[in-house]
Amino acid sequence: MPHWKFTIAYDGSPFNGWQVQPGLPTVQALVRWDPVWHASLELSGRTELGFPPAVRMATIDGVPDAVAAVLDDLRLPATGEILGPVPLGEDKERALVRTSRAEGRALADAVRVRTARKDPDPVRVRMDPLDLL
């Protein structure tokens, strides 16, 4: 069985030693040595905001006309919601589509049908992308 050693040291930056740091949950988790507390705090915040892993989310990136066409053709599940589109760099847009975890499969099926077609302006569709968070 492998053994792991974690060394934590205070570097003198603007913290007040190894005491609880109000408003800094990551530091508090280290001080308390309680990663479960930190994970539950993070999950409750994401649930309140409606971000994964509390919900399923798809991003749709492409030129504005292509993104609009995808959104027009999209058959959303009952809890589906479209956020955007918003500008994404030069001549591109991004729309977010989210739904409940229970209807995540229906969302994946809805965006898959659209992306399987051959269109002159391709779009990029990703389910629960890590870089979104």
Side-chain angles (χ1 to χ4, degrees):
M1 173 182 251
H3 295 279
W4 297 89
K5 176 184 176 185
F6 293 99
T7 303
I8 301 172
Y10 176 59
D11 67 357
S13 58
F15 298 114
N16 297 316
W18 289 105
Q19 63 189 22
V20 173
Q21 304 290 322
L24 300 171
T26 304
V27 174
Q28 288 185 36
L30 286 171
V31 170
R32 295 168 62 171
W33 204 254
D34 191 0
V36 173
W37 169 81
H38 186 258
S40 66
L41 183 67
E42 184 73 16
L43 180 60
S44 68
R46 290 173 188 253
T47 301
E48 183 179 335
L49 295 173
F51 279 103
V55 298
R56 297 296 309 267
M57 189 171 282
T59 61
I60 303 170
D61 301 345
V63 296
D65 291 339
V67 171
V70 170
L71 296 178
D72 288 343
D73 293 344
L74 198 59
R75 294 183 183 267
L76 289 177
T79 61
E81 180 181 14
I82 297 173
L83 307 172
V86 296
L88 180 68
E90 194 172 311
D91 298 328
K92 297 223 177 194
E93 287 185 343
R94 171 177 284 167
L96 303 176
V97 183
R98 69 178 168 194
T99 190
S100 68
R101 291 209 55 84
E103 292 184 327
R105 172 58 98 183
L107 176 60
D109 290 342
V111 295
R112 184 180 314 119
V113 168
R114 172 66 172 104
T115 58
R117 298 190 316 202
K118 299 290 182 196
D119 286 324
D121 295 319
V123 294
R124 180 178 183 198
V125 177
R126 296 181 301 155
M127 288 294 297
D128 297 327
L130 294 176
D131 64 345
L132 182 64
L133 311 173

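For clarity, every value in this text was computed on a predicted model and none was experimentally measured. Basis for what follows: all heavy atoms, side chains included, without hydrogens, waters or symmetry-related copies.
- In the hydrophobic clustering of this structure, Met127 groups with Val70; members are Ile, Leu, Val, Met, Phe, Trp, Tyr whose side-chain heavy atoms approach within less than 4.5 Å, directly or through other members.
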Review point. After noting the C-alpha distance and the side-chain angles of Val63 and Val123, does the key distance pass the side-chain contact (heavy atoms from CB on, under 4.5 Å) rule?
Key: CA-CA 7 Å; Val63 296; Val123 294; over 6 Å; no

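- One finds no salt bridge joining Asp61 and Lys92 here, because no Lys/Arg side-chain nitrogen approaches an Asp/Glu carboxylate oxygen to under 4.0 Å.
- Put simply, the side chain of Asp128 gets close to the backbone of Met57: a donor and an acceptor are under 3.5 Å apart.
- In this structure, the side chain to side chain contact (heavy atoms under 4.5 Å, CB included) partners of Ser44, at least two apart in sequence or on a different chain, are Leu41.
- A donor-acceptor pair is defined here as one N or O able to donate and one able to accept, closer than 3.5 Å; no such pair exists between the side chain of Arg46 and the backbone of Phe51.
- Counting non-hydrogen atoms of neighbouring residues, nucleotides and ligands closer than 6.0 angstrom, the CG atom of Asp72 exceeds 12 such neighbours.
- To the nearest 0.5 Å, the span separating CG on Leu88 from CZ on Arg124 amounts to 9.5 Å.
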Would you be so kind as to tabulate the donor-acceptor pairs closer than 3.5 Å made by side chains of residues 74-84, with sequence neighbours excluded?
residue, atom, partner, partner atom, Å
Thr79, OG1, Thr99, OG1, 2.6
Thr79, OG1, Ser100, N, 3.1
Thr79, OG1, Ser100, OG, 3.3
Thr79, OG1, Glu103, OE1, 2.5
Glu81, OE1, Arg98, NE, 2.9
Glu81, OE1, Arg98, NH2, 3.1

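- Both Val125 and Leu71 are members of a single hydrophobic cluster when ILVMFWY side chains are connected at heavy-atom separations under 4.5 Å.
- The two atoms that bring Gly50 and Val55 nearest to each other are O-CG2, 3.2 Å, heavy atoms only.
- At least one side-chain heavy atom of Thr59 sits less than 4.5 Å from a side-chain heavy atom of Arg94.
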